[in-house]
Amino acid sequence: MAISNVSLTASARSNLVSLQLTADLLGTSASRLSSGKKVNTAIDDASAFFKSQSFLNRASDLSAVKDDLSTSLQTVKAASNAIDAITKIAQQLQGLVNSAQQTTDTTARTTLATQFNTLRDQLDALVNDATFNGTNLLKTSGALSVKFNEDNTSTLTISGVDLSATGLGITAPSAAFSDANISLAVLQLQTALTTLRTTASTFGTNATLVQTRADFTRNLVNTLQIASDNLVLADINEEGANTQALQARAQLGISALSISGQQQSAILKLF
C-alpha cells in the first residue's frame, strides 16, 4: 500500500512516529543486553570500535610474547637446576679428593680415583641432558634469545656456558691418585665451584629479569583488554533500566494512539 493512500491525523502520526522510535530504542537495548556490548560494529561507533580493536590486537600480540617469555623462563630455570646438580657433583668430587689426601694406601687411592672418574663422567652426562626446548645453556653452542615486546625491538640474549668437566677445568686423575694429582684436583675443584656459583648467579639474574618482564607483559595485556572493554561494553544495569522505561513508554504510546483512534471513531458516528 502506498504511503499516500493512508491519511492519518497529525496526532495519530505523531504517536506512530513516537512508537517507532521507541521500538528502535527497545531493539537497541535488547541487542546490548543480549551481547553485553554497546558497540558491536563500526556502525555503532566507528571511533570506539576501531580503537577497541587496536587494543585487542596488541593484547593478542603481547599474549604470544608472554607465552614465549614463559618458555624462555623455564629454559633458564632448567639450566639453573642443572647447575645446582653439577655443583653437588663437584662437591662430591671434592670429598673424594679430601679422602685421597687423608690416606697413602695405593688401593684406596685407586678406588677413589675410579670413583672420581665415574662422577666426572656423570657430570658430563648431566650437562648433555640439560637441554630444554632444544636449547642447552650449559654448552657454548647453546644460546637463548628472549623477546620482550611484539616488534622484537627489546630483547635479551643469554649465552651458553661450557660447564662440562673439561669446560670447568676438571681433569681426570691417573689410575691411582698421586700427591700431584690430589694437589691439582684441589685447585681445579675450587675454581670449578667458583665458576658454578658465578654462573648460577648470572642465570638467576636473567631468570628474575625474564620473570619481571613476563609479569609486566601479563599486566599490560590485562590493561589493554580492560581498555577495550571500557570502549565497547554496555552497562547492563543501565540498559535494563532503559528497557523497562522504554516498555512503559511504548505502552503509553499505544494507549495514546488508541485514544486518537477512538476520537476519530466518535466523529464518524455523527454521520
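Just so you know, these numbers use all the heavy atoms, side chains as well, and skip hydrogens, waters and symmetry mates.
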ask   = Which distance, rounded to the nearest 0.5 Å, do you find between the CD1 of I86 and the CG of L193?
value = 11.5 Å

ask   = Quick one: side chain to side chain donor-acceptor pair (under 3.5 Å) pairs with a partner in residues 126-140, sequence neighbours left out?
value = N128-K139, T131-N136

ask   = Going by the ring pair (Phe, Tyr, Trp, His ring centres under 6.0 Å) test, which pairs reach into residues 43-88, not counting sequence neighbours?
value = none

inquiry  = For a quick check under 3.5 Å, do N149 and S154 share a side-chain donor-acceptor pair by atom type?
reply    = no

note = d(S164 OG, D124 CG) to nearest 0.5 Å is 5.5 Å

task = Specify the closest pair of heavy atoms between L126 and A82, including all atoms of both residues, with the distance to one decimal.
result = CD2-O, 3.7 Å

request  = Grab the two heavy atoms, one from N181 and one from S174, that are nearest each other, plus how far apart they are.
outcome  = OD1-OG, 2.6 Å

Show me, pair by pair, the donor-acceptor contacts under 3.5 angstrom made by side chains of residues 89-101, not counting sequence neighbours?
{"unit_1": "N98", "atom_1": "ND2", "unit_2": "Q94", "atom_2": "O", "d": "3.3"}
{"unit_1": "S99", "atom_1": "OG", "unit_2": "G95", "atom_2": "O", "d": "3.0"}

query = Considering only heavy atoms from C-beta outward, does the side chain of L189 approach that of I170 to under 4.5 Å?
reply = yes

Residue pairs, two or more places apart or on separate chains, that pass salt bridge (charged side-chain N to carboxylate O under 4.0 Å, His left out) and touch residues 159-169 = none

ask   = Between the side chain of T110 and the main-chain N/O of A176, is any donor-acceptor distance below 3.5 Å?
value = no

task = Kindly give the heavy-atom pair with the smallest separation between A79 and L138, and that separation in Å.
result = O-CD2, 4.1 Å

task = Say whether L69 and L156 are linked into one hydrophobic cluster, either directly or through other cluster members, by side-chain heavy-atom distances under 4.5 angstrom.
result = yes

query = Are V65 and F216 linked, directly or through other ILVMFWY residues, by side chains that come within less than 4.5 angstrom of each other?
reply = no

note = Quick note, ring pair (Phe, Tyr, Trp, His ring centres under 6.0 Å) partners involving residues 78-114, not counting sequence neighbours, are none

For residues 203-210, which side-chain N or O atoms pair as donor and acceptor with protein atoms under 3.5 Å away, sequence neighbours left out?
{"unit_1": "T205", "atom_1": "OG1", "unit_2": "S201", "atom_2": "O", "d": "3.0"}
{"unit_1": "N206", "atom_1": "ND2", "unit_2": "T202", "atom_2": "O", "d": "3.3"}
{"unit_1": "T208", "atom_1": "OG1", "unit_2": "G204", "atom_2": "O", "d": "3.0"}

inquiry  = Working to the nearest 0.5 angstrom, can you tell me the gap between K77 NZ and L137 CG?
reply    = 14.5 Å

message = Around atom CD1 of I43, are there more than 12 heavy atoms from other residues, nucleotides or ligands closer than 6.0 Å?
response = no

Closest contact, heavy atoms only, Q211 versus L73 = OE1-CD2, 2.9 Å

ask   = When rounded to the nearest 0.5 angstrom, what is the spacing between CG in L231 and OG in S47?
value = 8.0 Å

ask   = Can you list every pair that meets ring pair (Phe, Tyr, Trp, His ring centres under 6.0 Å) and has a residue in residues 136-159, with sequence neighbours left out?
value = none

ask   = Under the side-chain contact (heavy atoms from CB on, under 4.5 Å) criterion, do L62 and L220 qualify, and how do the steps go?
value = CA-CA 8 Å; L62 286 174; L220 182 55; 3.5 Å; yes

task = Name all pairs fulfilling the side chain to side chain donor-acceptor pair (under 3.5 Å) condition that reach into residues 54-74, sequence neighbours left out, sorted by first residue then second.
result = R58-E150

message = I need the full list of ring pair (Phe, Tyr, Trp, His ring centres under 6.0 Å) pairs touching residues 87-130, with sequence neighbours left out, sorted by first then second residue.
response = F116-F177

inquiry  = Walk me through whether Q115 and L112 qualify under side-chain contact (heavy atoms from CB on, under 4.5 Å).
reply    = CA-CA 5 Å; Q115 293 175 352; L112 291 169; 3.8 Å; yes

ask   = Which pairs, with at least one residue in residues 187-200 and sequence neighbours excluded, count as a side chain to side chain donor-acceptor pair (under 3.5 Å)?
value = T171-Q188

request  = Working to the nearest 0.5 Å, report the span between OG1 of T87 and CG of L196.
outcome  = 4.0 Å

ask   = Are L163 and L119 co-members of a hydrophobic cluster defined by side-chain heavy atoms under 4.5 Å apart?
value = yes

query = If you measure from CG on L123 to CZ on R120, what distance do you get to the nearest 0.5 Å?
reply = 8.5 Å

message = Tell me which pairs pass salt bridge (charged side-chain N to carboxylate O under 4.0 Å, His left out) where either residue lies in residues 89-109, with sequence neighbours left out.
response = R109-D179

message = Run the side-chain hydrogen bond (donor to acceptor under 3.5 Å, both in side chains) test against N219 and tell me which residues pass, sequence neighbours left out.
response = none

